[in-house]
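What follows is one structure encoded as structure tokens, with my remarks underneath.
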Amino acid sequence: MVKRAFLPPADALIAFECAARHESFTRAAEELHLTQGAISKQIRHLEQRLGVPLFARVRQRVVLTDAGRLYLHEVRGALDQLGDATRQVMSFAGSADVLNLAVLPTFGARWLAPRLAEFLRRTPKAALNFSIRLRPFDFTEEPFDGAIHHGDPIWAGAIVEPLFPEESVVVASRTFRDRHMISEPRDLLKVPRLQLSTRPMAWRDWFAAMGVETDSAYQGPRFEQFGMIAEAAAHHLGVALMPRLFIDEELASGRLVRLFGQPLDQKTAYHFVYPQDRTLRPVVAAFRAWLHEEARISRTSRESQLPG
């Protein structure tokens, strides 16, 4: 309540942001469908409340003071957050229940999204809200019902349930493979190896597993996400070490081909995570059951494709 006592009226903040963006009270009035006098009054009351001038008049126009520029940065961020929150809530209209889930970007785009139609068919009144989170977070401070997590099964204050282990395969375009005459692991020492910036040890571990000694495992173009690496490999830029579950479509279409049969066990896994001290709502329980079913199908499918 003490903090809220300092909050100016929302109308004044909106008027300030608009006037600052246009550097004009007149144009702010036109955008907000008010009179110029109403905008001036809102700004004057805001400055009186803050005790500092936010605008200075220079040659028939208004410009922000130093205090105004600082305040604008914070006000604009707050208004953007309010707008995002409002649009998010409006998207749930007509839905009986809402699922807020934090996902990893490539997992969400390449594994989860193609399967969601089946979940929505089973749970037609559910509303889905997915956001990107790359690292564990505190469920008491974030508005999520669950998360998809990759790595060790450790998450403070949460229950961590395994979905499937990660197995990586070496892939390239057929054109790239034939052009460089790749037939054995050692041949990869002479071609560009596409690197994921968050997994700098991946190629080193792969060469070690293949019994190939090298000091150049870390060399090669670096990318932020697996999706970018898959596209780069499909366009003949190099060889990629990719989780098998992310490239089903490329392998099925022939855009990418596996160079060697046996996958590399990354000793890591994907997990479904949810708050330890919170009873699962029906929509979350339904998603959890569906997710584990899809993970089991995915595991079975990959195991059936192993050589031998």
Side-chain angles (χ1 to χ4, degrees), residues 81-82 84-85 87-89 91-92 95-168 196-202 205 224-227 242-246 264-303:
Q81 286 185 333
L82 285 173
D84 291 343
R87 286 190 294 272
Q88 177 178 319
V89 170
S91 71
F92 300 150
S95 300
D97 215 342
V98 177
L99 172 67
N100 295 302
L101 191 70
V103 300
L104 300 166
T106 306
F107 184 94
R110 289 184 166 255
W111 191 90
L112 184 60
R115 293 169 167 81
L116 282 175
E118 174 61 19
F119 173 72
L120 291 175
R121 186 190 68 79
R122 297 185 187 184
T123 320
K125 294 185 178 180
L128 305 179
N129 178 33
F130 297 113
S131 300
I132 299 299
R133 292 294 185 276
L134 301 178
R135 294 178 179 83
F137 53 83
D138 188 342
F139 276 104
T140 64
E141 297 180 358
E142 295 268 20
F144 294 112
D145 300 301
I148 305 296
H149 172 56
H150 171 266
D152 296 326
I154 300 173
W155 192 305
I159 296 173
V160 182
E161 299 177 345
L163 296 174
F164 38 67
E166 182 179 82
E167 296 173 337
S168 294
L196 185 69
S197 59
T198 55
R199 301 193 189 183
M201 305 296 184
D205 294 342
E224 288 291 327
Q225 296 182 8
F226 277 126
M242 290 282 299
R244 174 71 173 81
L245 72 159
F246 291 161
L264 175 66
D265 184 357
Q266 296 290 112
K267 307 300 182 185
T268 56
Y270 288 87
H271 305 85
F272 180 57
V273 185
Y274 53 93
Q276 188 174 27
D277 58 352
R278 195 181 307 170
T279 301
L280 291 183
R281 294 182 293 111
V283 68
V284 184
F287 180 83
R288 172 177 171 267
W290 170 83
L291 184 63
H292 279 289
E293 180 182 340
E294 289 294 326
R296 178 185 57 77
I297 294 171
S298 184
R299 288 195 307 269
T300 302
S301 175
R302 291 202 308 277
E303 289 168 359

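This structure is a prediction, so every number in the text was calculated from the model and none was measured.
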Checklist entry - With under 30° as parallel and over 60° as perpendicular, where do the rings of Phe287 and Phe130 fit, or are they tilted in between? => result tilted
Next on the checklist: Suppose we screen for side chain to side chain donor-acceptor pair (under 3.5 Å). Which residues come up paired with Glu293, at least two apart in sequence or across chains?
Outcome noted: Arg122
Checklist entry - Measuring from Met242:CE to Thr106:OG1, what's the distance to the nearest 0.5 Å? => result 7.0 Å
Item to check | Distance (rounded to the nearest 0.5 Å) between Phe107 CZ and Leu163 CG | outcome: 6.0 Å
Next on the checklist: Checking side-chain polar atoms at under 3.5 Å, does His292 have a donor or acceptor matched by the opposite partner on Glu161?
Outcome noted: yes
Item to check | Shortest non-hydrogen separation from His149 to Pro136 and the atoms involved | outcome: CE1-CG, 3.9 Å
Checklist entry - Can you find a heavy atom in the side chain of Leu112 that is under 4.5 Å from one in the side chain of Val103? => result yes
Item to check | Taking every non-hydrogen atom, the tightest pair across Gly151 and His271 | outcome: O-CE1, 3.0 Å
Item to check | Nearest heavy-atom neighbours spanning Val273 and Ala158 | outcome: CG1-CB, 3.4 Å
Next on the checklist: Assess whether a salt bridge exists between Glu166 and Arg244, defined as any Lys/Arg side-chain N lying under 4.0 Å from an Asp/Glu carboxylate O.
Outcome noted: no
Item to check | Inter- and intrachain pairs under salt bridge (Lys or Arg N to Asp or Glu O under 4.0 Å), touching residues 144-159, at least two apart | outcome: Asp145-Arg281
Item to check | Shortest non-hydrogen separation from Asp97 to Pro282 and the atoms involved | outcome: OD2-CD, 4.3 Å
Checklist entry - Counting only heavy atoms not in Glu142, do more than 12 sit closer than 6.0 Å to its CD atom? => result yes
Item to check | Side-chain (Trp155) to main-chain (Phe137) donor-acceptor, under 3.5 angstrom | outcome: yes
Checklist outcome for this item: With sequence neighbours left out, the residues meeting side chain to side chain donor-acceptor pair (under 3.5 Å) with Arg296 are none
Checklist entry - Taking all atoms of both residues into account, what is the closest heavy-atom pair of Val284 and Leu99, and its distance? => result CG2-CD1, 3.9 Å
Item to check | Stepwise side-chain contact (heavy atoms from CB on, under 4.5 Å) check, Leu101 with Leu128 | outcome: CA-CA 8 Å; Leu101 191 70; Leu128 305 179; over 6 Å; no
Checklist entry - Between Gly227 and Arg110, what is the shortest heavy-atom contact and its length? => result CA-NE, 3.7 Å
Checklist entry - Can a salt bridge be assigned to the pair Arg115 and Glu118 using a cut-off of 4.0 Å between side-chain N and carboxylate O? => result no
Item to check | Minimum side-chain heavy-atom gap Leu104-Tyr270 below 4.5 Å | outcome: yes
Next on the checklist: Ring centroids only, cut at 6.0 angstrom: are Phe144 and Phe139 within range, meaning strictly under it?
Outcome noted: no
